[in-house]
Trainee: 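Just passing along the structure, written as C-alpha coordinates.
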Amino acid sequence: MGDTRSSATAYDDLLLKSFFAEVSEVERDNEVARILSCFKLNPFEYLNLPFEASPEDLKKQYRKLSLLVHPDKCKHPQAKEAFAALAKAQKLLLDEQERAYVLTQVNAAKEELRAKRKKRLKKDTASKIKSLVDEGKYDQQYEWSEEFQQELKLKVREILTDQEWRRRKMQMRISEEEGRLKKDEEEQKETWKRKREHEEQWEGTREKRVSSWRDFMKTGKKGKKGETRPPKLKTEDPNKSYVQRPVKRG
(Lines give C-alpha, C1' and ligand atoms only; values in the text may rest on other atoms or scores of the structure.)
Protein backbone atom coordinates (compact mmCIF):
# COMPACT_ATOMS: atom_id res chain seq x y z
CA MET A 1 0.00 0.00 0.00
CA GLY A 2 2.81 2.38 0.93
CA ASP A 3 4.75 1.59 -2.25
CA THR A 4 1.67 2.29 -4.36
CA ARG A 5 1.18 5.68 -2.72
CA SER A 6 4.84 6.58 -3.17
CA SER A 7 4.66 5.62 -6.84
CA ALA A 8 1.58 7.77 -7.34
CA THR A 9 3.31 10.76 -5.67
CA ALA A 10 6.41 10.30 -7.82
CA TYR A 11 4.24 10.16 -10.93
CA ASP A 12 2.45 13.36 -9.89
CA ASP A 13 5.81 15.07 -9.36
CA LEU A 14 6.90 14.01 -12.84
CA LEU A 15 3.72 15.41 -14.36
CA LEU A 16 4.18 18.68 -12.51
CA LYS A 17 7.76 19.04 -13.74
CA SER A 18 6.63 18.34 -17.27
CA PHE A 19 3.81 20.87 -16.91
CA PHE A 20 6.03 23.66 -15.59
CA ALA A 21 8.60 23.02 -18.29
CA GLU A 22 5.95 24.03 -20.82
CA VAL A 23 4.56 26.99 -18.87
CA SER A 24 5.58 30.36 -20.27
CA GLU A 25 6.25 33.52 -18.31
CA VAL A 26 3.07 35.03 -19.73
CA GLU A 27 0.99 32.20 -18.26
CA ARG A 28 2.62 32.69 -14.89
CA ASP A 29 1.87 36.43 -15.04
CA ASN A 30 -1.74 35.70 -16.01
CA GLU A 31 -2.15 33.41 -13.02
CA VAL A 32 -0.78 36.07 -10.69
CA ALA A 33 -3.28 38.56 -12.12
CA ARG A 34 -6.13 36.05 -11.69
CA ILE A 35 -5.27 35.35 -8.05
CA LEU A 36 -4.99 39.04 -7.16
CA SER A 37 -8.38 39.78 -8.77
CA CYS A 38 -10.21 37.10 -6.74
CA PHE A 39 -12.99 37.91 -4.29
CA LYS A 40 -11.15 38.22 -0.97
CA LEU A 41 -13.76 36.45 1.18
CA ASN A 42 -13.95 33.27 -0.91
CA PRO A 43 -10.85 31.03 -0.55
CA PHE A 44 -12.22 28.60 -3.18
CA GLU A 45 -11.82 31.34 -5.80
CA TYR A 46 -8.13 31.81 -5.03
CA LEU A 47 -7.46 28.12 -5.58
CA ASN A 48 -9.81 28.01 -8.58
CA LEU A 49 -11.68 25.04 -7.11
CA PRO A 50 -15.37 24.06 -7.06
CA PHE A 51 -17.13 24.17 -3.69
CA GLU A 52 -17.37 20.37 -3.70
CA ALA A 53 -13.58 19.93 -3.79
CA SER A 54 -12.14 17.54 -1.21
CA PRO A 55 -9.21 18.38 1.13
CA GLU A 56 -7.03 16.16 -1.07
CA ASP A 57 -8.04 18.14 -4.17
CA LEU A 58 -7.25 21.29 -2.25
CA LYS A 59 -3.71 20.20 -1.40
CA LYS A 60 -2.95 19.13 -4.96
CA GLN A 61 -4.29 22.38 -6.43
CA TYR A 62 -2.40 24.49 -3.94
CA ARG A 63 0.85 22.71 -4.76
CA LYS A 64 0.32 23.24 -8.46
CA LEU A 65 -0.60 26.93 -8.25
CA SER A 66 1.97 27.83 -5.60
CA LEU A 67 4.75 26.47 -7.78
CA LEU A 68 3.32 28.36 -10.73
CA VAL A 69 3.48 31.76 -9.00
CA HIS A 70 6.39 31.14 -6.63
CA PRO A 71 8.48 34.35 -6.39
CA ASP A 72 11.65 32.39 -7.19
CA LYS A 73 10.19 31.14 -10.49
CA CYS A 74 7.80 33.92 -11.47
CA LYS A 75 9.16 37.37 -12.41
CA HIS A 76 5.87 39.19 -11.89
CA PRO A 77 6.38 42.07 -9.38
CA GLN A 78 3.35 40.90 -7.35
CA ALA A 79 4.17 37.19 -7.39
CA LYS A 80 4.95 37.31 -3.68
CA GLU A 81 1.48 38.70 -2.91
CA ALA A 82 -0.21 36.04 -5.05
CA PHE A 83 1.84 33.30 -3.38
CA ALA A 84 0.83 34.59 0.09
CA ALA A 85 -2.85 34.75 -0.95
CA LEU A 86 -2.77 31.10 -2.02
CA ALA A 87 -1.16 30.07 1.27
CA LYS A 88 -3.84 31.95 3.24
CA ALA A 89 -6.65 30.37 1.19
CA GLN A 90 -5.28 26.88 1.76
CA LYS A 91 -4.92 27.54 5.50
CA LEU A 92 -8.54 28.69 5.72
CA LEU A 93 -9.92 25.68 3.86
CA LEU A 94 -7.86 23.21 5.89
CA ASP A 95 -9.36 24.72 9.04
CA GLU A 96 -12.56 22.73 9.65
CA GLN A 97 -14.39 25.63 11.28
CA GLU A 98 -13.52 28.14 8.55
CA ARG A 99 -14.34 25.65 5.78
CA ALA A 100 -17.69 24.81 7.42
CA TYR A 101 -18.52 28.53 7.63
CA VAL A 102 -17.88 29.09 3.91
CA LEU A 103 -19.81 25.96 2.91
CA THR A 104 -22.74 27.07 5.08
CA GLN A 105 -22.93 30.29 3.05
CA VAL A 106 -22.64 28.24 -0.17
CA ASN A 107 -25.60 26.08 0.86
CA ALA A 108 -27.60 29.20 1.72
CA ALA A 109 -26.82 30.57 -1.75
CA LYS A 110 -27.94 27.31 -3.38
CA GLU A 111 -31.24 27.37 -1.49
CA GLU A 112 -31.92 30.94 -2.63
CA LEU A 113 -31.20 30.05 -6.26
CA ARG A 114 -33.34 26.92 -6.06
CA ALA A 115 -36.28 28.87 -4.64
CA LYS A 116 -35.88 31.47 -7.37
CA ARG A 117 -35.79 28.74 -10.04
CA LYS A 118 -38.85 27.05 -8.57
CA LYS A 119 -40.87 30.26 -8.90
CA ARG A 120 -39.69 30.66 -12.47
CA LEU A 121 -40.67 27.09 -13.38
CA LYS A 122 -44.23 27.63 -12.15
CA LYS A 123 -44.72 29.94 -15.10
CA ASP A 124 -43.04 27.51 -17.52
CA THR A 125 -45.35 24.48 -17.82
CA ALA A 126 -43.08 22.51 -20.17
CA SER A 127 -40.06 22.78 -17.88
CA LYS A 128 -42.21 21.92 -14.87
CA ILE A 129 -43.50 18.73 -16.52
CA LYS A 130 -39.99 17.77 -17.61
CA SER A 131 -38.72 18.28 -14.07
CA LEU A 132 -41.45 15.99 -12.67
CA VAL A 133 -40.89 13.30 -15.32
CA ASP A 134 -37.11 13.21 -14.81
CA GLU A 135 -37.60 12.92 -11.03
CA GLY A 136 -35.10 15.62 -10.16
CA LYS A 137 -32.52 14.79 -12.85
CA TYR A 138 -33.52 17.91 -14.75
CA ASP A 139 -32.74 20.07 -11.71
CA GLN A 140 -29.49 18.22 -11.10
CA GLN A 141 -28.33 18.75 -14.65
CA TYR A 142 -29.11 22.44 -14.34
CA GLU A 143 -27.04 22.75 -11.15
CA TRP A 144 -24.09 21.20 -12.98
CA SER A 145 -24.40 23.72 -15.78
CA GLU A 146 -22.02 26.63 -16.27
CA GLU A 147 -24.94 29.05 -15.94
CA PHE A 148 -25.88 27.81 -12.47
CA GLN A 149 -22.25 27.71 -11.31
CA GLN A 150 -21.78 31.33 -12.34
CA GLU A 151 -24.99 32.37 -10.57
CA LEU A 152 -23.88 30.44 -7.49
CA LYS A 153 -20.49 32.14 -7.49
CA LEU A 154 -22.10 35.59 -7.58
CA LYS A 155 -24.69 34.70 -4.94
CA VAL A 156 -21.97 33.36 -2.62
CA ARG A 157 -20.10 36.64 -3.04
CA GLU A 158 -23.25 38.54 -2.12
CA ILE A 159 -23.93 36.45 0.99
CA LEU A 160 -20.31 36.47 2.19
CA THR A 161 -20.19 40.25 1.73
CA ASP A 162 -23.39 40.69 3.73
CA GLN A 163 -22.11 38.44 6.53
CA GLU A 164 -18.80 40.28 6.64
CA TRP A 165 -20.59 43.63 6.84
CA ARG A 166 -22.73 42.33 9.72
CA ARG A 167 -19.62 41.04 11.47
CA ARG A 168 -17.85 44.39 11.12
CA LYS A 169 -20.89 46.31 12.37
CA MET A 170 -21.12 44.02 15.38
CA GLN A 171 -17.40 44.43 16.03
CA MET A 172 -17.79 48.19 15.75
CA ARG A 173 -20.62 48.18 18.30
CA ILE A 174 -18.61 45.99 20.65
CA SER A 175 -15.61 48.34 20.33
CA GLU A 176 -17.83 51.37 20.99
CA GLU A 177 -19.34 49.72 24.05
CA GLU A 178 -15.92 48.73 25.35
CA GLY A 179 -14.76 52.31 24.80
CA ARG A 180 -17.77 53.68 26.68
CA LEU A 181 -17.23 51.31 29.60
CA LYS A 182 -13.56 52.21 29.72
CA LYS A 183 -14.39 55.91 29.72
CA ASP A 184 -16.93 55.44 32.54
CA GLU A 185 -14.36 53.47 34.52
CA GLU A 186 -11.74 56.20 34.07
CA GLU A 187 -14.21 58.90 35.09
CA GLN A 188 -15.16 56.91 38.18
CA LYS A 189 -11.51 56.45 39.07
CA GLU A 190 -10.94 60.21 38.66
CA THR A 191 -13.94 60.96 40.89
CA TRP A 192 -12.65 58.63 43.62
CA LYS A 193 -9.20 60.16 43.27
CA ARG A 194 -10.53 63.70 43.77
CA LYS A 195 -12.62 62.55 46.71
CA ARG A 196 -9.62 60.84 48.33
CA GLU A 197 -7.45 63.93 47.80
CA HIS A 198 -10.15 66.10 49.37
CA GLU A 199 -10.39 63.77 52.37
CA GLU A 200 -6.62 63.71 52.76
CA GLN A 201 -6.50 67.51 52.54
CA TRP A 202 -9.29 67.80 55.10
CA GLU A 203 -7.54 65.37 57.43
CA GLY A 204 -4.26 67.25 56.98
CA THR A 205 -5.80 70.48 58.31
CA ARG A 206 -7.45 68.76 61.26
CA GLU A 207 -4.89 69.87 63.87
CA LYS A 208 -5.09 73.44 62.63
CA ARG A 209 -8.88 73.42 62.79
CA VAL A 210 -8.88 71.87 66.28
CA SER A 211 -6.33 74.45 67.48
CA SER A 212 -8.41 77.29 66.04
CA TRP A 213 -11.53 75.95 67.75
CA ARG A 214 -9.75 75.74 71.09
CA ASP A 215 -8.51 79.32 70.75
CA PHE A 216 -12.03 80.39 69.92
CA MET A 217 -13.43 78.68 72.98
CA LYS A 218 -10.84 80.36 75.16
CA THR A 219 -10.97 83.91 73.83
CA GLY A 220 -14.45 84.12 72.37
CA LYS A 221 -15.31 85.29 68.90
CA LYS A 222 -12.31 86.53 67.03
CA GLY A 223 -12.21 90.06 65.83
CA LYS A 224 -11.07 91.04 62.48
CA LYS A 225 -7.38 91.39 62.00
CA GLY A 226 -6.23 94.90 63.08
CA GLU A 227 -9.58 95.78 64.70
CA THR A 228 -9.45 97.55 68.12
CA ARG A 229 -12.21 96.60 70.50
CA PRO A 230 -13.62 99.21 73.01
CA PRO A 231 -13.18 98.42 76.68
CA LYS A 232 -16.09 96.75 78.42
CA LEU A 233 -18.22 99.03 80.56
CA LYS A 234 -18.42 98.18 84.21
CA THR A 235 -21.90 97.99 85.67
CA GLU A 236 -22.95 99.68 88.90
CA ASP A 237 -24.88 96.65 89.93
CA PRO A 238 -22.87 93.47 89.45
CA ASN A 239 -26.05 91.42 89.72
CA LYS A 240 -27.49 92.89 86.51
CA SER A 241 -26.58 91.20 83.28
CA TYR A 242 -27.05 94.25 81.04
CA VAL A 243 -24.66 97.17 80.73
CA GLN A 244 -25.56 100.26 82.78
CA ARG A 245 -24.59 103.80 82.06
CA PRO A 246 -22.21 105.32 84.62
CA VAL A 247 -24.11 107.35 87.20
CA LYS A 248 -22.92 110.92 87.76
CA ARG A 249 -22.38 111.66 91.41
CA GLY A 250 -23.21 115.14 92.86
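Computed from a predicted structure; not experimentally measured.
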Trainee: Looking at Arg196 and Glu199, does any basic side-chain N land under 4.0 Å from a carboxylate oxygen?
Mentor: no
Trainee: Report yes or no: do Ile35 and Leu93 belong to one cluster of Ile/Leu/Val/Met/Phe/Trp/Tyr joined by side chain heavy-atom distances under 4.5 Å?
Mentor: yes
Trainee: Quick one: closest heavy-atom pair of Ile159 and Glu112, and the distance?
Mentor: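 Residues Ile159 and Glu112, closest heavy atoms: CD1-OE2, 3.8 Å.
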Trainee: Does some side-chain heavy atom of Lys59 sit less than 4.5 Å from a side-chain heavy atom of Tyr62?
Mentor: no
Trainee: When you look at Glu111 and Arg114, which way does the salt bridge (Lys or Arg N to Asp or Glu O under 4.0 Å) test go after all the steps?
Mentor: CA-CA 5 Å; Glu111 290 302 319; Arg114 285 167 183 162; 3.0 Å; yes
Trainee: Please name the pair of heavy atoms, one in Phe51 and one in Val106, separated by the smallest distance, quoted to 0.1 Å.
Mentor: CD2-CG2, 3.5 Å
Trainee: Calculate, to the nearest 0.5 Å, the distance between atoms NZ and CZ belonging to Lys182 and Arg180 respectively.
Mentor: 14.5 Å
Trainee: Is Glu164 salt-bridged to Arg167, going by a charged N under 4.0 Å from an acidic O?
Mentor: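 Salt bridge between Glu164 and Arg167, a charged N being under 4.0 Å from a carboxylate O: yes.
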Trainee: Find the distance between CE (Met170) and OG (Ser175) and round it off to the nearest 0.5 Å.
Mentor: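 If we round to the nearest 0.5 Å, Met170:CE and Ser175:OG are 11.5 Å apart.
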Trainee: Quick check: do Val69 and Leu65 have side-chain heavy atoms less than 4.5 Å from each other?
Mentor: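 Side chain of Val69 against side chain of Leu65, heavy atoms only: no contact under 4.5 Å found.
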Trainee: Distance from Leu103 atom CG to Glu98 atom CD, nearest 0.5 Å?
Mentor: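 So the CG of Leu103 and the CD of Glu98 are separated by 11.5 Å.
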Trainee: Should Glu147 and Tyr142 count as side-chain neighbours, where that means a heavy-atom distance under 4.5 Å?
Mentor: yes
Trainee: So, do Gln61 and Asn48 sit near enough that their side-chain heavy atoms are less than 4.5 Å apart?
Mentor: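 Contact flag for Gln61/Asn48 side chains = yes.
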Trainee: Other residues, nucleotides and ligands only: do more than 12 of their heavy atoms fall within 6.0 Å of CD on Glu146?
Mentor: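 Incorrect, the count does not exceed 12.
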Trainee: Do you reckon Val156 sits in the same ILVMFWY cluster as Val102, going by side-chain contacts under 4.5 Å, direct or chained?
Mentor: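 In one cluster with Val156: Val102, yes.
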Trainee: In the structure I gave you, are the side-chain heavy atoms of Trp165 and Lys169 within less than 4.5 Å of one another anywhere?
Mentor: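 Result yes, sub-4.5 Å side-chain heavy-atom pair found.
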Trainee: Salt-bridge test for Glu45 and Arg157: reply yes if a basic N is under 4.0 Å from a carboxylate O, no otherwise.
Mentor: yes
Trainee: So, Arg99 and Glu96, do they make that salt bridge, N to O below 4.0 Å?
Mentor: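 So Arg99 does not pair with Glu96 through a salt bridge.
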Trainee: If I take atom SG from residue Cys38 and atom CG from residue Leu47, how far apart are they, to the nearest 0.5 angstrom?
Mentor: 8.5 Å
Trainee: Would you find more than 12 non-hydrogen atoms of other residues, nucleotides or ligands less than 6.0 Å from Glu197 atom CD?
Mentor: yes
Trainee: Roughly how far, to the nearest 0.5 Å, is the CD atom of Glu187 from the OG1 atom of Thr191?
Mentor: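 Thr191 OG1 to Glu187 CD: 7.0 Å, rounded to 0.5 Å.
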Trainee: Closer than 4.0 angstrom, basic N to acidic O: yes or no for Glu151 and Lys116?
Mentor: no
Trainee: Can you find a heavy atom in the side chain of Lys88 that is under 4.5 Å from one in the side chain of Tyr46?
Mentor: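 A side-chain contact is absent here, since even the closest heavy-atom pair is not under 4.5 Å.
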Trainee: Contact between Phe39 and Leu160 at the side-chain level, heavy atoms closer than 4.5 Å - yes or no?
Mentor: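 Yes - at least one pair of side-chain heavy atoms lies under 4.5 Å apart.
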Trainee: Can a side-chain donor-acceptor contact be found between Asn107 and Thr104 if the only test is distance below 3.5 angstrom?
Mentor: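 Looking only at side-chain atoms, Asn107 and Thr104 do not form any donor-acceptor pair under 3.5 Å.
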Trainee: Closest approach of Leu49 and Leu58, non-hydrogen atoms and distance?
Mentor: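 Minimum heavy-atom contact is CD1-CA, 3.7 Å.
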Trainee: Quick one: do Asp162 and Arg166 satisfy salt bridge (Lys or Arg N to Asp or Glu O under 4.0 Å)? Show the steps, please.
Mentor: CA-CA 6 Å; Asp162 183 61; Arg166 290 171 184 270; 2.9 Å; yes
Trainee: So if you build clusters from Ile, Leu, Val, Met, Phe, Trp, Tyr with side-chain heavy-atom gaps below 4.5 Å, do Phe44 and Leu154 land together?
Mentor: no
Trainee: So that I can tick it off, tell me whether Lys183 and Glu186 are bridged by a salt bridge, with the cut-off set at under 4.0 angstrom between side-chain N and carboxylate O.
Mentor: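 Lys183 and Glu186: not salt-bridged.
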Trainee: Determine, stepwise, if the pair Lys60 / Glu56 fulfils salt bridge (Lys or Arg N to Asp or Glu O under 4.0 Å).
Mentor: CA-CA 6 Å; Lys60 286 181 180 180; Glu56 194 61 34; 5.2 Å; no
Trainee: Checking Asp184 side chain against Leu181 main chain: does a donor-acceptor pair fall under 3.5 Å?
Mentor: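 Checked: no pair found.
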Trainee: To the closest 0.5 Å, what do you measure between CD (Glu27) and CG (Leu68)?
Mentor: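 Here the rounded value is 8.0 Å.
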Trainee: Given side chain to side chain contact (heavy atoms under 4.5 Å, CB included), test Lys155 with Lys110 step by step and report yes or no.
Mentor: CA-CA 8 Å; Lys155 179 56 69 173; Lys110 285 182 177 179; over 6 Å; no
Trainee: I'd like a table of donor-acceptor pairs (distance under 3.5 Å, sequence neighbours excluded) in which one partner is a side-chain atom from residues 72-87, with atom names and distances.
Mentor:
| unit_1 | atom_1 | unit_2 | atom_2 | d |
| --- | --- | --- | --- | --- |
| His76 | ND1 | Gln78 | N | 2.9 |

